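The chains referred to below are lettered A, B, ... by the order of the sequence lines, with proteins before strands, and numbering in each begins at 1. Just so you know, these numbers use all the heavy atoms, side chains as well, and skip hydrogens, waters and symmetry mates. Everything numeric here is computed off the predicted structure, so don't read it as measured data.
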Number of protein chains: 2
Amino acid sequence: MTEVAKYVGVSAMTVSRAFRQDASVSEETRKRIMDAVDALGYVLDQSAGSLSSRRTGFIAALVPSINNSNFSDTARGITDALDNTGLQLLLGYTDYSTEREEQLIESMLRRRPEGIILTGGSHTQRARRMLENAAIPVVETWEIPERPINHVVGFSNSEAMSLLVRELAGKGYRRFGYIGGTTARDTRGSQRRSGFLKTVEELGLGVGRLISFGVPPISMEQGAQAIISMLERWPDTEVVLCVSDLSAFGAIMECRRRGMRVPEDIAIAGFGDYEISSICHPRITTINVDCYGIGKQAAARLLDALQTGDAVRNEITLTSYKVVLREST
Amino acid sequence: MTEVAKYVGVSAMTVSRAFRQDASVSEETRKRIMDAVDALGYVLDQSAGSLSSRRTGFIAALVPSINNSNFSDTARGITDALDNTGLQLLLGYTDYSTEREEQLIESMLRRRPEGIILTGGSHTQRARRMLENAAIPVVETWEIPERPINHVVGFSNSEAMSLLVRELAGKGYRRFGYIGGTTARDTRGSQRRSGFLKTVEELGLGVGRLISFGVPPISMEQGAQAIISMLERWPDTEVVLCVSDLSAFGAIMECRRRGMRVPEDIAIAGFGDYEISSICHPRITTINVDCYGIGKQAAARLLDALQTGDAVRNEITLTSYKVVLREST
DNA sequence: CTGTTAGCGCCTTCAG
DNA sequence: CTGAAGGCGCTAACAG
């Protein structure tokens with residue numbers, strides 16, 4: 001920057017000001033400076049700037065998996081909301097592990113983000129402590145934690161699944177099955193499962209039939225495997241709900257490959273309303289979740305908090321979800 | 001940090017050293033420092049550190065779209081390769097726009113990344129200049145640019161598509177169609193298309209039948225729309241190649257919905273070997289690309305360059321691809 | 001509108 | 001193995 005300043009014959013401070021839109025620099029000086037910047041190929045050093053201004057311009061966000069389009073939609077919602085705010089997203093994926101989340105939180109906090117967006121409400125003790133110490137707004141997303149850290153933007157996975165069960169029971173289905181991953185690591189999956197079990201029981205439909213198939217991230221292939229187990233163990237199952245559309249898709253394709261008709265021989269539903277579910281044949285009944293909106297609103301809550309100096313704490317923003325009945329049930 | 005130093009009764013410098021594994025600090029002192037760090041909930045400020053050490057610990061990577069599993073696999077390859085190197089990924093998505101890429105490159109360079117990974121070889125003039133000025137290793141991926149900036153990790157999209165055409169011609173198909181997006185923004189798509197056209201002509205199969213359907217990112221839905229146009233315009237088409245598996249999937253599902261048999265009535269193939277293609281029914285013929293490996297190797301090239309002080313320049317690393325023949329053709 | 005001074009929090013370098 | 005001095009490149013705060 002000193003170089004640019006010398007080149008133009010002004011002080012470094014004036015060059016610094018020329019880069020800020022709100023700063024008072026005469027148009028002529030700014031033009032001369034910008035020409036010099038161009039000629040010298042100078043690029044502002046933000047790490048030095050943020051040390052001085054105490055504003056890094058970073059927002060950190062952690063998602064379980066970047067290969068899952070639900071979460072990448074949320075990430076896109078965040079980046080879109082951050083557009084033109086001068087804030088940049090520092091993205092990490094936890095791989096559904098709270099230990100990895102803890103590590104990531106630490107390495108993120110070293111960059112001094114101005115706010116942080118997390119997925120879910122399960123964190124290690126140390127992660128919680130670090131977040132509290134950081135004294136930055138925190139937004140937990142995608143579920144309603146029992147003990148929120150700060151802001152929450154999400155919905156009840158359990159109630160959403162419950163709603164789907166009720167809708168399908170209303171269509172006359174009675175023998176319900178559920179396909180999901182091992183729940184220890186995936187709290188949202190576990191909430192969906194408990195919503196399923198509770199509602200099946202409440203409706204007097206007997207005991208829900210459960211097939212678990214390994215740790216998240218859940219794949220289409222695992223859905224295919226799981227439906228095989230389901231049919232072996234409980235051949236008279238009428239409808240199977242899956243923890244996500246991806247496993248539902250795998251299950252449906254496997255059924256068709258075996259010559260079964262969906263939904264005539266077995267009905268199958270998913271969760272998440274991935275693009276695939278509205279395209280594949282048969283189209284998949286699912287719960288539409290506002291993934292993009294979760295990201296957008298989480299970022300908006302963060303921006304609010306940054307502007308107001310975090311006056312509004314512990315606000316819970318509920319995002320919408322709805323049952324989408326399609327051909328697969 | 002001063003606070004921790006006071007708390008323990010050592011100098012700030014010793015605290016700083018305690019954080020580095022290679023630094024010489026007595027085990028006892030380090031333990032006392034780390035206990036204090038824990039008690040005070042202190043987290044190292046890396047932005048200050050990097051200003052001083054001239055090492056930010058950032059690697060920047062730009063991908064066209066984060067919602068596309070091919071590219072998110074590449075991103076995962078990069079993060080995995082960066083694991084335990086102390087380097088952190090700064091990820092951005094260009095939305096297939098070189099203008100947006102230019103903006104992103106600038107905002108990334110302000111963070112002083114130690115290296116940068118790009119997708120493709122098309123960049124604005126100014127982007128190229130900024131990259132050259134930055135004097136950091138650059139890796140272009142996913143294709144073989146005509147005029148590489150520095151390192152390249154990719155493959156010829158044109159030759160890969162050509163290979164697929166030859167394989168299918170070998171199976172007896174003659175009337176070839178192609179479904180892709182408008183090519184202006186997507187250079188890989190455009191290379192695939194030209195590989196298709198060239199090869200169909202070389203094999204004496206007449207003129208390839210082209211349907212274009214809007215700007216990337218290409219969706220499953222667009223694939224479904226495109227196959228309708230294809231069948232209206234050239235009803236006797238025998239086999240349709242698609243710019244990606246996603247559009248191929250949409251096309252196949254649309255055909256099945258219309259009661260057409262795939263591949264008996266029409267054969268359809270994709271590109272990219274997304275998970276969906278090995279799961280859906282019928283399974284989709286495609287080109288398997290080593291997406292994850294592209295990311296992993298790109299990061300490896302960068303790490304090499306950083307270690308050797310960038311001795312090896314302009315190295316081209318070819319990544320593998322292979323035709324995967326499945327039920328859809 | 002522009003310049004000067006000081007310092008952000010850490011690490012490099014040099015001493016001890 | 002530990003400490004002290006100085007500075008990384010920028011911007012806040014104040015002055016003019």
Side-chain angles (χ1 to χ4, degrees), chain A residues 1-34 36-37 40-58 86 88 106-114 133-136, chain B residues 1-34 36-37 40-58 86 88 106-114 133-136:
Chain A
M1 183 179 266
T2 334
E3 210 173 327
V4 177
K6 263 186 208 146
Y7 190 93
V8 182
V10 294
S11 72
M13 194 60 233
T14 307
V15 177
S16 172
R17 277 194 270 256
F19 275 103
R20 322 200 53 189
Q21 49 212 33
D22 56 325
S24 41
V25 183
S26 79
E27 261 325 303
E28 201 238 312
T29 314
R30 169 173 275 135
K31 191 185 172 320
R32 280 170 49 223
I33 289 173
M34 284 316 177
V37 164
L40 297 170
Y42 170 75
V43 176
L44 203 59
D45 186 334
Q46 194 159 175
S47 46
S50 54
L51 182 60
S52 177
S53 68
R54 329 271 318 129
R55 292 207 48 198
T56 57
F58 277 129
Q88 195 168 356
E106 178 159 24
S107 77
M108 293 291 176
L109 289 180
R110 289 188 176 189
R111 305 290 185 180
R112 295 290 184 270
E114 304 183 23
N133 279 319
I136 55 173
Chain B
M1 186 181 260
T2 334
E3 211 172 328
V4 177
K6 264 185 208 148
Y7 189 93
V8 182
V10 293
S11 73
M13 196 54 238
T14 307
V15 177
S16 171
R17 277 194 270 255
F19 275 103
R20 324 199 54 190
Q21 48 213 34
D22 56 325
S24 43
V25 183
S26 79
E27 261 324 304
E28 202 237 312
T29 315
R30 170 173 275 135
K31 191 185 173 318
R32 278 169 54 220
I33 290 173
M34 285 315 178
V37 163
L40 297 170
Y42 171 75
V43 176
L44 202 59
D45 186 333
Q46 194 158 177
S47 47
S50 55
L51 181 60
S52 178
S53 68
R54 328 273 318 129
R55 292 207 49 198
T56 57
F58 277 128
Q88 194 168 357
E106 177 159 24
S107 75
M108 293 290 178
L109 289 180
R110 289 187 175 190
R111 305 290 185 178
R112 295 290 185 271
E114 303 184 25
N133 278 320
I136 54 173

Worksheet item: With a non-hydrogen cut-off below 4.0 angstrom, is B/Arg20 in contact with a base, only sugar-phosphate, or nothing?
Response: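 Here B/Arg20 touches the backbone only, sparing every base.
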Discussion item. Using a heavy-atom cut-off of 4.0 Å across all strands, would you classify B/Ser24 as base, sugar-phosphate, or nothing?
Written reply: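 Contact class for B/Ser24: base.
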Item to complete: Evaluate the criterion side chain to side chain donor-acceptor pair (under 3.5 Å) for residue pair B/Gln88 and A/Arg111; output intermediate values, then yes/no.
Response: CA-CA 10 Å; B/Gln88 194 168 357; A/Arg111 305 290 185 180; 2.9 Å; yes
Practice prompt. Sequence neighbours left out, what passes side chain to side chain donor-acceptor pair (under 3.5 Å) with A/Glu3? Give chain and number order.
Written response: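 Partners of A/Glu3 by the side chain to side chain donor-acceptor pair (under 3.5 Å) criterion come out as none, since no residue qualifies.
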Item to complete: Return the set of residues passing side chain to side chain donor-acceptor pair (under 3.5 Å) with B/Lys31 (not counting sequence neighbours), or none when no residue passes.
Response: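 Expected list: B/Asp35.
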Worksheet entry | Terminal helix-axis angle for the helix from C/dC1-D/dG16 to C/dG16-D/dC1, with five pairs defining each axis and rounding to 10 degrees |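 If I round to tens, the end axes sit 20° apart.
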Might you point out which heavy atoms bring [X] and [Y] nearest each other, and give the distance in Å?
X	Y	answer
B/Asn133	A/Gly41	ND2-CA, 3.4 Å
B/Val8	B/Ala36	CG2-CB, 3.4 Å
B/Ser16	B/Met1	CA-CE, 3.6 Å

Worksheet item: For the side chain of A/Arg30 and the backbone of A/Val15, is there at least one donor-acceptor N/O pair under 3.5 Å apart?
Response: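 Looks like no, no N/O pair under 3.5 Å.
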Fill in: Nucleotides bounding contact with chain B, strand DNA chain C, heavy-atom threshold 4.0 Å
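Extent of the interface on DNA chain C: C/dG9 to C/dT12.
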Discussion item. For B/Met13 and A/Met13, find the nucleotide of DNA chain D closest to each by heavy atoms; which residue's nucleotide sits nearer the 5' end?
Written reply: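 Looking at the nearest nucleotide for each, B/Met13 comes out on the 5' side.
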Considering only nitrogen or oxygen atoms on both sides, find all protein atoms under 3.5 Å from nucleotides 8-10 of chain D and state each distance.
{"unit_1": "D/dC8", "atom_1": "O3'", "unit_2": "B/Arg54", "atom_2": "NH1", "d": "3.0"}
{"unit_1": "D/dC8", "atom_1": "O2", "unit_2": "B/Ser52", "atom_2": "N", "d": "3.4"}
{"unit_1": "D/dG9", "atom_1": "OP1", "unit_2": "B/Arg54", "atom_2": "NH1", "d": "3.4"}
{"unit_1": "D/dG9", "atom_1": "OP1", "unit_2": "B/Arg54", "atom_2": "NH2", "d": "3.1"}
{"unit_1": "D/dG9", "atom_1": "N2", "unit_2": "A/Ala48", "atom_2": "O", "d": "3.2"}
{"unit_1": "D/dC10", "atom_1": "OP1", "unit_2": "A/Tyr42", "atom_2": "OH", "d": "2.1"}
{"unit_1": "D/dC10", "atom_1": "OP1", "unit_2": "A/Asp45", "atom_2": "N", "d": "3.4"}
{"unit_1": "D/dC10", "atom_1": "OP2", "unit_2": "A/Met1", "atom_2": "N", "d": "3.0"}
{"unit_1": "D/dC10", "atom_1": "O2", "unit_2": "A/Ser52", "atom_2": "OG", "d": "3.4"}

Worksheet item: Atom CZ of B/Arg17 and atom OG of B/Ser11: how far apart are they, to the nearest 0.5 Å?
Response: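 Reported value, rounded in 0.5 Å steps: 6.5 Å.
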Fill in: Residues in ring pair (Phe, Tyr, Trp, His ring centres under 6.0 Å) contact with B/Tyr7, at least two apart in sequence or another chain
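By the ring pair (Phe, Tyr, Trp, His ring centres under 6.0 Å) rule, B/Tyr7 matches no residue at all.
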